[in-house]
Peer 1: 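Quick one: the structure is below, and I'll ask about it shortly.
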Amino acid sequence: MKENSVTIPRWFDRHLHVRDGDMLRIVLPCTLKQRATGAIIMPNLADPISTIEKAKAYRDRITALLDGSDFVPCMTLYLTDHTDPEEVVRGFEEGVWRAVKLYMANQKGQGGTTGSAHGVKDLLGRYPVFEAMEKHKIPLLGHFEAVEEDVDEFDREIVSVDRDLKPILKSFPGLPVVFEHLTDGRAADFVAEVDHNIHATVTAHHLMINRNAMFWGGMNPGHYCKPVPKRETHRAKVRQYVTSGNRRFGAGTDSAPHDESVKSRCYGCAAGIFTALSAVELYTMVFDEDNAFEHLGPFLSENFLALYGMRVSSETMTIERQGWHLPESVSSQLIGTPTVKVFKGGADLPWKLAG
Ligand code: NCD
Ligand code: ZN
(Lines give C-alpha, C1' and ligand atoms only; values in the text may rest on other atoms or scores of the structure.)
(Ligands and ions follow the chains in the order given, each with its own letter.)
Protein backbone atom coordinates (compact mmCIF):
# COMPACT_ATOMS: atom_id res chain seq x y z
CA MET A 1 0.00 0.00 0.00
CA LYS A 2 1.18 3.47 -0.86
CA GLU A 3 1.92 5.89 1.99
CA ASN A 4 -0.16 9.02 2.26
CA SER A 5 2.36 11.03 4.21
CA VAL A 6 6.03 11.03 5.03
CA THR A 7 7.69 12.70 8.02
CA ILE A 8 11.39 13.55 7.98
CA PRO A 9 13.70 16.01 9.76
CA ARG A 10 13.57 19.57 8.42
CA TRP A 11 15.81 19.72 5.39
CA PHE A 12 18.79 21.74 4.21
CA ASP A 13 19.37 23.14 0.71
CA ARG A 14 23.00 22.46 -0.18
CA HIS A 15 23.01 24.78 -3.22
CA LEU A 16 20.79 27.86 -3.55
CA HIS A 17 20.76 31.15 -5.45
CA VAL A 18 18.81 33.88 -3.68
CA ARG A 19 20.29 36.85 -5.60
CA ASP A 20 20.02 40.35 -4.20
CA GLY A 21 17.74 43.39 -4.07
CA ASP A 22 14.16 42.94 -5.35
CA MET A 23 14.83 39.40 -6.52
CA LEU A 24 16.07 38.43 -3.05
CA ARG A 25 12.89 39.86 -1.54
CA ILE A 26 10.79 37.73 -3.87
CA VAL A 27 12.61 34.39 -3.78
CA LEU A 28 13.89 34.09 -0.20
CA PRO A 29 10.36 33.72 1.28
CA CYS A 30 9.81 30.72 -1.04
CA THR A 31 12.68 28.80 0.58
CA LEU A 32 11.57 29.91 4.06
CA LYS A 33 8.08 28.51 3.39
CA GLN A 34 9.71 25.23 2.41
CA ARG A 35 10.91 24.90 6.01
CA ALA A 36 14.63 24.60 5.21
CA THR A 37 16.85 24.98 8.28
CA GLY A 38 19.29 26.82 6.07
CA ALA A 39 21.02 26.80 2.72
CA ILE A 40 24.39 27.08 1.08
CA ILE A 41 24.12 30.51 -0.50
CA MET A 42 25.80 30.82 -3.87
CA PRO A 43 28.19 33.77 -4.32
CA ASN A 44 27.74 34.48 -8.05
CA LEU A 45 26.16 37.92 -7.80
CA ALA A 46 26.86 40.50 -10.50
CA ASP A 47 29.54 41.69 -8.10
CA PRO A 48 30.83 38.30 -6.88
CA ILE A 49 31.14 37.59 -3.17
CA SER A 50 34.92 37.40 -3.26
CA THR A 51 35.97 39.00 0.05
CA ILE A 52 35.13 38.79 3.75
CA GLU A 53 33.62 42.24 3.64
CA LYS A 54 31.26 41.42 0.76
CA ALA A 55 30.21 38.10 2.30
CA LYS A 56 29.35 39.75 5.62
CA ALA A 57 27.38 42.52 3.94
CA TYR A 58 25.49 40.00 1.77
CA ARG A 59 24.70 37.86 4.80
CA ASP A 60 23.35 40.94 6.56
CA ARG A 61 21.09 41.74 3.61
CA ILE A 62 19.70 38.19 3.72
CA THR A 63 19.36 38.13 7.51
CA ALA A 64 17.42 41.41 7.42
CA LEU A 65 14.69 39.61 5.45
CA LEU A 66 14.39 36.50 7.61
CA ASP A 67 11.37 37.82 9.44
CA GLY A 68 11.96 35.84 12.63
CA SER A 69 12.81 32.59 10.83
CA ASP A 70 15.64 30.41 12.20
CA PHE A 71 16.93 29.82 8.63
CA VAL A 72 20.74 29.82 8.52
CA PRO A 73 22.25 31.44 5.42
CA CYS A 74 25.57 29.61 5.01
CA MET A 75 27.77 31.87 2.96
CA THR A 76 30.35 30.79 0.38
CA LEU A 77 33.37 32.52 -1.08
CA TYR A 78 33.64 33.03 -4.86
CA LEU A 79 37.12 31.79 -5.81
CA THR A 80 38.96 33.92 -8.36
CA ASP A 81 42.48 33.86 -9.76
CA HIS A 82 43.34 36.53 -7.19
CA THR A 83 41.92 34.98 -4.02
CA ASP A 84 44.43 35.06 -1.18
CA PRO A 85 44.74 31.77 0.77
CA GLU A 86 45.03 33.69 4.04
CA GLU A 87 41.71 35.44 3.48
CA VAL A 88 40.07 32.09 2.68
CA VAL A 89 41.21 30.69 6.02
CA ARG A 90 40.43 33.87 7.99
CA GLY A 91 36.86 34.09 6.60
CA PHE A 92 36.34 30.43 7.48
CA GLU A 93 37.76 30.72 10.99
CA GLU A 94 35.74 33.86 11.68
CA GLY A 95 32.58 32.01 10.63
CA VAL A 96 31.90 34.26 7.64
CA TRP A 97 31.77 31.43 5.11
CA ARG A 98 31.56 27.67 5.35
CA ALA A 99 32.90 26.71 1.95
CA VAL A 100 34.56 27.96 -1.22
CA LYS A 101 32.80 27.88 -4.59
CA LEU A 102 34.78 27.08 -7.71
CA TYR A 103 33.56 28.35 -11.09
CA MET A 104 35.86 28.08 -14.07
CA ALA A 105 36.30 30.41 -17.03
CA ASN A 106 38.21 29.87 -20.25
CA GLN A 107 41.14 31.94 -21.48
CA LYS A 108 38.75 34.38 -23.16
CA GLY A 109 37.14 34.98 -19.77
CA GLN A 110 33.95 33.13 -20.77
CA GLY A 111 32.41 31.17 -17.95
CA GLY A 112 30.19 28.15 -18.39
CA THR A 113 27.23 29.48 -16.44
CA THR A 114 25.49 32.55 -15.02
CA GLY A 115 27.89 34.83 -13.15
CA SER A 116 30.99 32.74 -13.75
CA ALA A 117 33.07 35.12 -15.87
CA HIS A 118 35.16 36.03 -12.81
CA GLY A 119 35.87 32.34 -12.24
CA VAL A 120 39.22 30.60 -12.23
CA LYS A 121 41.20 30.54 -15.48
CA ASP A 122 44.38 29.12 -14.00
CA LEU A 123 43.39 26.14 -11.89
CA LEU A 124 46.96 25.10 -11.09
CA GLY A 125 47.57 28.63 -9.86
CA ARG A 126 44.85 27.99 -7.24
CA TYR A 127 46.66 25.02 -5.72
CA PRO A 128 48.09 27.13 -2.83
CA VAL A 129 44.48 27.98 -1.92
CA PHE A 130 43.48 24.29 -2.05
CA GLU A 131 46.49 23.47 0.14
CA ALA A 132 45.30 25.92 2.79
CA MET A 133 41.75 24.59 2.49
CA GLU A 134 42.95 21.01 2.91
CA LYS A 135 44.83 21.99 6.04
CA HIS A 136 41.81 23.69 7.58
CA LYS A 137 39.24 21.23 6.19
CA ILE A 138 37.40 23.92 4.23
CA PRO A 139 35.05 22.31 1.68
CA LEU A 140 35.54 22.98 -2.02
CA LEU A 141 32.20 23.21 -3.84
CA GLY A 142 33.03 22.63 -7.47
CA HIS A 143 31.11 23.50 -10.62
CA PHE A 144 33.00 20.87 -12.56
CA GLU A 145 32.36 21.66 -16.22
CA ALA A 146 35.08 22.20 -18.82
CA VAL A 147 34.30 25.50 -20.51
CA GLU A 148 36.62 25.43 -23.50
CA GLU A 149 34.94 26.02 -26.85
CA ASP A 150 36.07 22.70 -28.29
CA VAL A 151 34.49 20.63 -25.50
CA ASP A 152 31.03 19.37 -26.39
CA GLU A 153 28.34 20.91 -24.19
CA PHE A 154 27.05 17.49 -23.13
CA ASP A 155 30.52 16.20 -22.18
CA ARG A 156 31.61 19.17 -20.13
CA GLU A 157 31.17 17.45 -16.80
CA ILE A 158 33.02 14.24 -17.57
CA VAL A 159 35.87 16.10 -19.28
CA SER A 160 36.25 18.19 -16.14
CA VAL A 161 36.25 15.08 -13.93
CA ASP A 162 39.26 13.70 -15.77
CA ARG A 163 41.07 16.95 -16.36
CA ASP A 164 40.32 19.04 -13.23
CA LEU A 165 38.83 16.97 -10.45
CA LYS A 166 41.04 13.88 -10.48
CA PRO A 167 44.29 15.89 -10.21
CA ILE A 168 42.81 17.97 -7.37
CA LEU A 169 41.83 14.86 -5.39
CA LYS A 170 45.23 13.32 -6.01
CA SER A 171 47.13 16.43 -4.92
CA PHE A 172 44.92 17.14 -1.88
CA PRO A 173 43.78 13.81 -0.43
CA GLY A 174 42.41 15.52 2.70
CA LEU A 175 40.40 18.22 0.91
CA PRO A 176 36.63 17.87 1.39
CA VAL A 177 34.94 18.24 -2.01
CA VAL A 178 31.33 18.59 -3.10
CA PHE A 179 30.54 18.01 -6.76
CA GLU A 180 27.78 20.53 -7.43
CA HIS A 181 24.56 19.72 -9.34
CA LEU A 182 25.84 16.44 -10.76
CA THR A 183 24.17 15.34 -14.02
CA ASP A 184 26.40 12.84 -15.80
CA GLY A 185 26.13 9.13 -14.96
CA ARG A 186 29.88 8.70 -15.42
CA ALA A 187 30.56 11.47 -12.92
CA ALA A 188 28.08 9.81 -10.55
CA ASP A 189 29.98 6.52 -10.82
CA PHE A 190 33.19 8.35 -10.05
CA VAL A 191 31.79 10.16 -7.00
CA ALA A 192 30.23 6.96 -5.68
CA GLU A 193 33.38 4.91 -6.04
CA VAL A 194 36.44 7.08 -5.52
CA ASP A 195 38.30 6.77 -2.22
CA HIS A 196 38.01 10.39 -1.08
CA ASN A 197 35.89 12.64 1.13
CA ILE A 198 33.69 13.64 -1.81
CA HIS A 199 29.93 14.10 -2.12
CA ALA A 200 27.56 15.44 -4.74
CA THR A 201 24.48 17.62 -4.76
CA VAL A 202 21.66 16.75 -7.14
CA THR A 203 18.83 19.07 -8.20
CA ALA A 204 15.17 18.09 -8.39
CA HIS A 205 14.92 19.12 -12.03
CA HIS A 206 17.87 16.97 -13.13
CA LEU A 207 16.18 13.97 -11.52
CA MET A 208 13.03 14.70 -13.53
CA ILE A 209 13.98 15.87 -17.00
CA ASN A 210 16.42 14.77 -19.65
CA ARG A 211 17.80 16.88 -22.47
CA ASN A 212 14.72 16.41 -24.65
CA ALA A 213 12.90 18.80 -22.32
CA MET A 214 14.97 21.69 -23.63
CA PHE A 215 13.25 21.21 -26.99
CA TRP A 216 9.66 20.50 -25.93
CA GLY A 217 7.33 22.60 -28.07
CA GLY A 218 10.29 24.33 -29.70
CA MET A 219 13.31 25.75 -27.88
CA ASN A 220 12.20 25.68 -24.26
CA PRO A 221 14.04 28.20 -22.09
CA GLY A 222 12.25 26.97 -18.97
CA HIS A 223 14.36 23.83 -19.08
CA TYR A 224 17.67 25.49 -19.86
CA CYS A 225 20.15 25.44 -17.01
CA LYS A 226 23.77 24.60 -16.35
CA PRO A 227 24.85 21.90 -16.39
CA VAL A 228 22.41 21.26 -19.23
CA PRO A 229 20.17 18.24 -18.66
CA LYS A 230 21.77 15.14 -20.15
CA ARG A 231 20.56 12.15 -22.14
CA GLU A 232 18.09 9.80 -20.49
CA THR A 233 20.65 7.13 -19.55
CA HIS A 234 22.53 9.69 -17.45
CA ARG A 235 19.39 10.97 -15.74
CA ALA A 236 18.41 7.41 -14.87
CA LYS A 237 21.87 6.53 -13.55
CA VAL A 238 22.09 9.61 -11.31
CA ARG A 239 18.55 9.01 -10.09
CA GLN A 240 19.39 5.43 -9.23
CA TYR A 241 22.23 6.50 -6.95
CA VAL A 242 19.96 9.04 -5.28
CA THR A 243 16.87 6.94 -4.68
CA SER A 244 18.79 3.81 -3.74
CA GLY A 245 20.07 5.73 -0.74
CA ASN A 246 23.73 6.27 -1.56
CA ARG A 247 24.91 8.59 1.22
CA ARG A 248 27.32 10.48 -0.99
CA PHE A 249 24.41 12.24 -2.69
CA GLY A 250 22.32 15.03 -1.14
CA ALA A 251 19.71 17.59 -2.13
CA GLY A 252 20.93 20.89 -3.52
CA THR A 253 18.21 22.57 -5.52
CA ASP A 254 20.35 25.00 -7.52
CA SER A 255 17.15 27.02 -7.64
CA ALA A 256 18.34 29.85 -9.89
CA PRO A 257 15.79 32.61 -10.48
CA HIS A 258 15.95 34.91 -13.48
CA ASP A 259 13.50 37.55 -14.54
CA GLU A 260 11.24 36.27 -17.29
CA SER A 261 12.56 38.91 -19.69
CA VAL A 262 16.05 37.37 -19.62
CA LYS A 263 14.79 33.78 -19.47
CA SER A 264 12.60 34.07 -22.53
CA ARG A 265 15.12 35.96 -24.62
CA CYS A 266 15.49 34.24 -28.00
CA TYR A 267 19.16 35.07 -28.24
CA GLY A 268 21.01 34.82 -24.94
CA CYS A 269 18.46 33.07 -22.73
CA ALA A 270 19.82 32.99 -19.16
CA ALA A 271 20.71 29.58 -17.69
CA GLY A 272 18.89 28.62 -14.50
CA ILE A 273 15.74 26.86 -13.31
CA PHE A 274 13.66 28.13 -10.40
CA THR A 275 12.39 25.41 -8.05
CA ALA A 276 12.43 27.09 -4.64
CA LEU A 277 8.63 27.18 -4.38
CA SER A 278 8.16 23.41 -4.48
CA ALA A 279 11.58 21.78 -4.09
CA VAL A 280 10.56 19.45 -1.26
CA GLU A 281 7.47 18.31 -3.13
CA LEU A 282 9.42 17.69 -6.35
CA TYR A 283 12.02 15.56 -4.59
CA THR A 284 9.20 13.71 -2.81
CA MET A 285 7.57 12.88 -6.15
CA VAL A 286 10.84 11.33 -7.33
CA PHE A 287 11.26 9.13 -4.25
CA ASP A 288 7.58 8.17 -4.37
CA GLU A 289 7.82 7.10 -8.01
CA ASP A 290 10.85 4.99 -7.15
CA ASN A 291 9.23 3.49 -3.99
CA ALA A 292 12.14 4.79 -1.95
CA PHE A 293 10.66 6.83 0.89
CA GLU A 294 13.08 5.37 3.41
CA HIS A 295 15.85 7.26 1.60
CA LEU A 296 14.09 10.64 1.27
CA GLY A 297 14.96 11.85 4.78
CA PRO A 298 18.69 11.11 4.49
CA PHE A 299 18.89 12.69 1.04
CA LEU A 300 17.05 15.90 1.95
CA SER A 301 17.91 16.32 5.59
CA GLU A 302 20.91 14.29 6.71
CA ASN A 303 23.58 13.34 4.20
CA PHE A 304 26.92 15.12 4.74
CA LEU A 305 25.42 18.08 6.63
CA ALA A 306 28.37 18.01 9.03
CA LEU A 307 30.58 19.01 6.12
CA TYR A 308 28.85 22.40 6.17
CA GLY A 309 28.90 22.66 9.96
CA MET A 310 25.16 21.84 10.16
CA ARG A 311 23.41 19.26 12.33
CA VAL A 312 20.48 17.07 11.43
CA SER A 313 17.43 19.01 12.66
CA SER A 314 15.58 17.72 15.70
CA GLU A 315 12.38 19.20 14.24
CA THR A 316 10.36 17.33 11.67
CA MET A 317 8.29 18.21 8.63
CA THR A 318 5.53 16.23 7.01
CA ILE A 319 4.75 15.94 3.33
CA GLU A 320 1.24 14.77 2.53
CA ARG A 321 -0.33 13.19 -0.50
CA GLN A 322 -2.50 16.10 -1.39
CA GLY A 323 -2.90 17.68 -4.82
CA TRP A 324 -2.22 21.39 -5.24
CA HIS A 325 -1.75 23.78 -8.08
CA LEU A 326 1.74 25.15 -8.60
CA PRO A 327 1.64 28.80 -9.73
CA GLU A 328 3.05 29.64 -13.15
CA SER A 329 5.34 32.31 -11.73
CA VAL A 330 6.22 34.34 -8.66
CA SER A 331 6.40 38.11 -8.46
CA SER A 332 5.51 40.83 -6.01
CA GLN A 333 2.66 43.25 -6.45
CA LEU A 334 4.58 45.67 -4.30
CA ILE A 335 7.74 45.51 -6.33
CA GLY A 336 6.28 44.90 -9.81
CA THR A 337 9.23 43.20 -11.43
CA PRO A 338 10.92 40.77 -11.54
CA THR A 339 8.64 37.91 -12.46
CA VAL A 340 10.13 34.44 -12.20
CA LYS A 341 8.74 31.43 -14.05
CA VAL A 342 8.40 28.36 -11.87
CA PHE A 343 9.66 24.92 -12.94
CA LYS A 344 6.53 22.84 -13.69
CA GLY A 345 4.50 26.00 -13.02
CA GLY A 346 0.82 25.53 -13.83
CA ALA A 347 0.94 21.80 -13.04
CA ASP A 348 -0.90 19.99 -10.26
CA LEU A 349 1.58 18.39 -7.88
CA PRO A 350 0.56 15.26 -5.93
CA TRP A 351 2.48 16.06 -2.71
CA LYS A 352 2.26 19.06 -0.41
CA LEU A 353 4.49 20.09 2.47
CA ALA A 354 2.25 20.53 5.52
CA GLY A 355 1.97 23.97 6.81
C1 NCD B 1 23.00 29.33 -12.01
C2 NCD B 1 22.60 30.81 -11.89
O3 NCD B 1 21.68 31.25 -12.60
O4 NCD B 1 23.18 31.50 -11.06
N5 NCD B 1 22.49 28.86 -13.27
C6 NCD B 1 22.28 27.57 -13.59
O7 NCD B 1 21.91 27.33 -14.74
N8 NCD B 1 22.41 26.59 -12.73
C9 NCD B 1 24.48 29.17 -11.88
C10 NCD B 1 24.94 27.76 -11.66
O11 NCD B 1 24.71 27.17 -10.61
O12 NCD B 1 25.58 27.19 -12.56
ZN1 ZN C 1 23.93 27.09 -8.97
Side-chain angles (χ1 to χ4, degrees), residues 12-21 23-24 26-28 30-31 36 39-50 58 73-79 99-106 110-120 139-147 153-154 156-157 160 164 178-184 187 200-209 211 213-214 219-230 238 250-265 268-276 279 282 308 330 338 340-343:
F12 180 75
D13 192 346
R14 298 158 186 77
H15 183 135
L16 180 67
H17 300 269
V18 290
R19 316 296 192 206
D20 213 346
M23 186 64 98
L24 172 63
I26 288 175
V27 300
L28 184 61
C30 301
T31 295
I40 295 295
I41 305 293
M42 287 295 135
N44 62 332
L45 300 186
D47 180 18
I49 303 302
S50 55
Y58 186 31
C74 301
M75 310 311 289
T76 55
L77 168 71
Y78 189 119
L79 185 66
V100 172
K101 181 68 196 278
L102 169 68
Y103 295 99
M104 284 177 280
N106 65 26
Q110 297 159 329
T113 188
T114 306
S116 60
H118 301 274
V120 169
L140 176 70
L141 315 183
H143 187 131
F144 289 108
E145 283 203 285
V147 289
E153 181 70 48
F154 294 94
R156 289 184 165 203
E157 208 165 86
S160 184
D164 307 320
V178 181
F179 194 113
E180 297 297 303
H181 40 51
L182 184 146
T183 61
D184 188 308
T201 60
V202 183
T203 76
H205 49 276
H206 286 120
L207 292 170
M208 294 182 134
I209 57 171
R211 63 188 187 177
M214 284 190 292
M219 296 292 277
N220 192 320
H223 295 146
Y224 175 60
C225 66
K226 294 300 180 90
V228 289
K230 301 294 184 297
V238 173
T253 62
D254 192 17
S255 177
H258 290 277
D259 183 58
E260 215 175 311
S261 63
V262 289
K263 248 339 247 178
S264 56
R265 219 159 39 191
C269 160
I273 290 181
F274 179 67
T275 51
L282 296 174
Y308 307 109
V330 296
V340 183
K341 279 257 195 224
V342 171
F343 178 67

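The shown structure was predicted, so the numbers you read here are calculated from the model rather than taken from an experiment. Both backbone and side-chain heavy atoms feed into the values below; hydrogens, waters and symmetry mates do not. Numbering of residues begins at 1 and proceeds along the displayed sequence. Counting starts at 1 for both ligands and their atoms, following the listed order.
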Peer 1: Under 4.0 Å from a heavy atom of His143: which atoms of ligand 1 are those, numbered in the order shown and with their elements?
Peer 2: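 Listed by number with element: 12 (O).
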Peer 1: Determine the sole option in Lys341, Met23, Lys263 for which the side-chain contact (heavy atoms from CB on, under 4.5 Å) test with Pro257 is passed.
Peer 2: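 It is Met23; the other options fail the test.
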Peer 1: Can you tell me which N/O/S atom of Asp254 has the shortest distance to the Zn ion (ligand 2)?
Peer 2: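 Atom name returned: OD1.
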Peer 1: Taking both backbone and side-chain atoms into account, decide whether Glu180 has an N/O/S atom under 2.8 Å from the Zn ion (ligand 2).
Peer 2: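 Glu180 does not place any N, O or S atom closer than 2.8 Å to the Zn ion (ligand 2).
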Peer 1: What is the nearest protein non-hydrogen atom to atom 1 (C) of ligand 1, stated with its residue, atom name and distance?
Peer 2: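 Sorting protein heavy atoms by distance from atom 1 (C) of ligand 1 puts His17 NE2, 3.6 Å first.
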Peer 1: Just which atoms of ligand 1 are under 4.0 Å from any heavy atom in His181?
Peer 2: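 Those of ligand 1 that fall under 4.0 Å from His181 are 11 (O), 12 (O).
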Peer 1: Of all heavy-atom pairs between Gly111 and Val147, which one has the smallest distance, and what is that distance?
Peer 2: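 For Gly111 versus Val147, the nearest heavy atoms are C-CG1, 4.1 Å.
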Peer 1: Nearest 0.5 Å, what's the CG-CG distance between Leu102 and Asp164?
Peer 2: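 Separation between the atoms: 8.0 Å.
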Peer 1: Any idea which atoms of ligand 1 are less than 4.0 Å away from a heavy-atom of Cys225?
Peer 2: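 Checking each atom against Cys225, I get 7 (O).
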Peer 1: For atom 8 (N) of ligand 1, what is the nearest protein heavy atom, given as residue, atom name and distance?
Peer 2: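 Checked against all protein heavy atoms, atom 8 (N) of ligand 1 sits closest to Asp254 OD2, 2.8 Å.
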Peer 1: Looking only at distances, can you tell me whether any N or O atom of Thr114, backbone or side chain, sits closer than 3.5 Å to an N or O atom of ligand 1?
Peer 2: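 Yes - when backbone and side-chain N and O of Thr114 are compared with those of ligand 1, one distance drops under 3.5 Å.
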Peer 1: Looking only at protein heavy atoms, which one is nearest to atom 12 (O) of ligand 1, and how far off is it?
Peer 2: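 Atom 12 (O) of ligand 1 sits closest to the protein heavy atom Thr113 OG1, 2.6 Å.
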Peer 1: Can you check whether His181 and His206 have ring centres sitting under 6.0 Å from each other?
Peer 2: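 Not under 6.0 Å, so no.
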Peer 1: Should Glu180 be listed as contacting ligand 1, given a heavy-atom distance under 4.0 Å as the test?
Peer 2: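 False for this residue.
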Peer 1: Can you name the N, O or S atom of His15 that is closest to the Zn ion (ligand 2)?
Peer 2: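 Among the N, O or S atoms of His15, the one closest to the Zn ion (ligand 2) is NE2.
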Peer 1: Could you label the plane-to-plane angle of the Tyr78 and His118 rings as parallel, tilted or perpendicular, counting under 30° as parallel and over 60° as perpendicular?
Peer 2: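 Perpendicular, since the angle between the ring planes exceeds 60°.
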Peer 1: Please state whether the rings of Phe179 and Phe144 are parallel, tilted or perpendicular, taking 30° and 60° as the class boundaries.
Peer 2: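 Phe179 vs Phe144 ring planes: tilted.
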Peer 1: For the pair Lys226 and Glu157, find out whether any cationic side-chain nitrogen is under 4.0 Å from an anionic carboxylate oxygen.
Peer 2: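 A salt bridge is absent here (no side-chain N lies under 4.0 Å from a carboxylate O).
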Peer 1: Counting only heavy atoms closer than 4.0 Å, does ligand 1 sit against the backbone of Ile273, its side chain, both, or neither?
Peer 2: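 Near ligand 1, Ile273 shows nothing, with every heavy atom at 4.0 Å or more.
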Peer 1: Tell me whether the Zn ion (ligand 2) has His17 as a neighbour, meaning an N, O or S atom of it below 2.8 Å.
Peer 2: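 Yes, His17 qualifies, because one of its backbone or side-chain N, O or S atoms lies under 2.8 Å.
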Peer 1: Roughly how far, to the nearest 0.5 Å, is the CZ atom of Phe343 from the OG atom of Ser255?
Peer 2: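 Taking OG in Ser255 and CZ in Phe343, the distance rounds to 11.0 Å.
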Peer 1: Are any of the heavy atoms in Arg19 under 4.0 Å away from ligand 1?
Peer 2: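 Per 4.0 Å heavy-atom rule, Arg19 contacts ligand 1.
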Peer 1: Side chain or backbone, does Tyr103 bring an N or O within less than 3.5 Å of an N or O on ligand 1?
Peer 2: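 No, Tyr103 has no N/O under 3.5 Å of an N/O on ligand 1.
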Peer 1: Taking all heavy atoms of Val202 and all of Leu182, pick out the closest pair and write down the distance.
Peer 2: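 For Val202 and Leu182, the tightest heavy-atom pair comes out as CG1-O, 4.3 Å.
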Peer 1: Examine Gly272 against ligand 1 and note whether any of their N/O atoms are separated by less than 3.5 Å.
Peer 2: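 By distance alone, the answer is yes.
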Peer 1: Quick one: nearest non-hydrogen protein atom to atom 7 (O) of ligand 1, plus distance?
Peer 2: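 Here the nearest protein heavy atom works out to Lys226 N, 2.7 Å.
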Peer 1: Examine the side chains of Glu180 and His143 and answer whether a donor and an acceptor come within less than 3.5 Å of each other.
Peer 2: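 His143 and Glu180 do not have a side-chain donor-acceptor pair below 3.5 Å.
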Peer 1: Is there at least one pair of N or O atoms, one from Ala271 and one from ligand 1, spaced under 3.5 Å apart?
Peer 2: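 Between Ala271 and ligand 1 (N or O atoms, distance only) the closest approach is under 3.5 Å.
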Peer 1: Suppose I only count heavy atoms of His15 and a 4.0 Å limit; which atoms of ligand 1 are within that range?
Peer 2: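 Matching atoms, with element in brackets: 11 (O).
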Peer 1: Measuring from atom CD1 of Ile26 to atom CG of Leu24, what distance do you get when rounded to the nearest 0.5 angstrom?
Peer 2: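 One finds 10.0 Å between CD1 of Ile26 and CG of Leu24.
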Peer 1: One pair to check against side chain to side chain donor-acceptor pair (under 3.5 Å): His258 and Arg19. What are the steps and the verdict?
Peer 2: CA-CA 9 Å; His258 290 277; Arg19 316 296 192 206; 3.2 Å; yes
Peer 1: Check whether any N, O or S atom of His143, backbone or side chain, sits closer than 2.8 Å to the Zn ion (ligand 2).
Peer 2: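 Under 2.8 Å: His143 has no N, O or S contact with the Zn ion (ligand 2).
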